[in-house]
Amino acid sequence: MKLRIVSMLTIVMFILGISGCATIPEEHQGAAKGSGIGAVAGALGGALIAGEGSRTKGAIIGGLAGALIGGVIGNYTVDQKKSATETANKYNYQPSAGTVVRIEGSSAKPARVKPGDKVDLDATYAVMTASPNTQVSITEAREVRLNNELVGNPEVNVSHAAGTYLSSVPLFLPADARKGTYRVITSIKTDAGKDSREASFIVE
């Protein structure tokens, strides 16, 4: 019931043109989920969508514009796939390097969709720190472009200890989404630097 009320308030805030975010108490340890709303000119942010028992680490800000107006940004999720030791060994990481982030891969799945379908904007990235228990502030940014026009820019701020993580932002396309090839530029940023990768999906 609480979740339903918060969802309604979030939608009302969007209608009034007020940016915001929402969080849900921690209940499970598997994944971090959350979403929020934000605005760029003519953008539609996602209303709060979070499952029962989800754990929020951050809220999505940003929005959708142009060819994606009428779409929705869904649940943000993130899961740790490798420990700090496994990640450091893979990259032969040395503590003298300080904080390092590396994107191992990014994708938009499925690669071919139709208007109204859902596309998962995924990224797998490694975080390495001199002290494995240090929490690093991270911004995950995803730019979605059609014909070089920015049509979406969901971002989420999280903090992670060293390790390898898989994160995902579901994008629900509007029923009248324009056809074409959409580029997705994913950037993982920290105070020490950033790494970026590009993927794409086609709306048929």
What is the minimum heavy-atom distance between [X] and [Y], and which atoms define it?
X: L146; Y: K179; answer: CD1-O, 4.4 Å
X: P115; Y: V203; answer: CD-CG1, 3.8 Å
X: Q80; Y: G163; answer: NE2-CA, 4.0 Å
X: P132; Y: A161; answer: O-CB, 3.6 Å
X: I73; Y: P154; answer: CD1-CB, 3.9 Å

Would you mind reporting whether [Y] and [X] have side-chain heavy atoms less than 4.5 Å apart?
X: L64; Y: L171; result: yes
X: Y165; Y: V158; result: no
X: D122; Y: S168; result: yes
X: E143; Y: L150; result: yes
X: T129; Y: Q135; result: no
X: P174; Y: L68; result: yes
X: V169; Y: E140; result: no
X: V119; Y: Y182; result: no

Run the salt-bridge test on K81 and E104 with the 4.0 Å N-O cut-off and return the result as yes or no.
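Here K81 does not pair with E104 in a salt bridge, since their nearest N and O are not under 4.0 Å apart.
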
Reported [atom1]-to-[atom2] distance for the pair [X] and [Y], which is rounded to 0.5 angstrom:
X: H160; Y: T134; atom1: NE2; atom2: OG1; answer: 14.5 Å
X: N153; Y: I60; atom1: CG; atom2: CD1; answer: 11.0 Å
X: S107; Y: E198; atom1: OG; atom2: CD; answer: 13.0 Å
X: T99; Y: I138; atom1: OG1; atom2: CD1; answer: 9.0 Å
X: F201; Y: D117; atom1: CZ; atom2: CG; answer: 10.5 Å

Please say which of T190, V136, I188 ends up in a side chain to side chain contact (heavy atoms under 4.5 Å, CB included) with V127.
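Only one of T190, V136, I188 forms a side chain to side chain contact (heavy atoms under 4.5 Å, CB included) with V127, namely V136.
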
Among R102, K82, M128, exactly one meets side chain to side chain contact (heavy atoms under 4.5 Å, CB included) together with K90. Which residue is that?
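Only match with K90 under side chain to side chain contact (heavy atoms under 4.5 Å, CB included): K82.
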
Kindly work out whether a path of hydrophobic side-chain contacts (I/L/V/M/F/W/Y, heavy atoms less than 4.5 Å apart) joins [X] to [Y].
X: V78; Y: I103; result: yes
X: L166; Y: V101; result: no
X: V113; Y: I202; result: no

I'd like to know if the side chain of [X] and the backbone of [Y] have a donor-acceptor N/O pair within less than 3.5 Å.
X: Y93; Y: A130; answer: yes
X: R142; Y: L121; answer: yes
X: R197; Y: S106; answer: no

What's the verdict on side chain to side chain contact (heavy atoms under 4.5 Å, CB included) for N148 and R183, showing C-alpha distance, side-chain angles and the deciding distance?
CA-CA 8 Å; N148 210 35; R183 296 167 54 223; 3.5 Å; yes

Quick one: which of D79, T87, T124 gives a side-chain hydrogen bond (donor to acceptor under 3.5 Å, both in side chains) with T164?
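For T164, the side-chain hydrogen bond (donor to acceptor under 3.5 Å, both in side chains) test succeeds with only one of D79, T87, T124, which is T87.
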
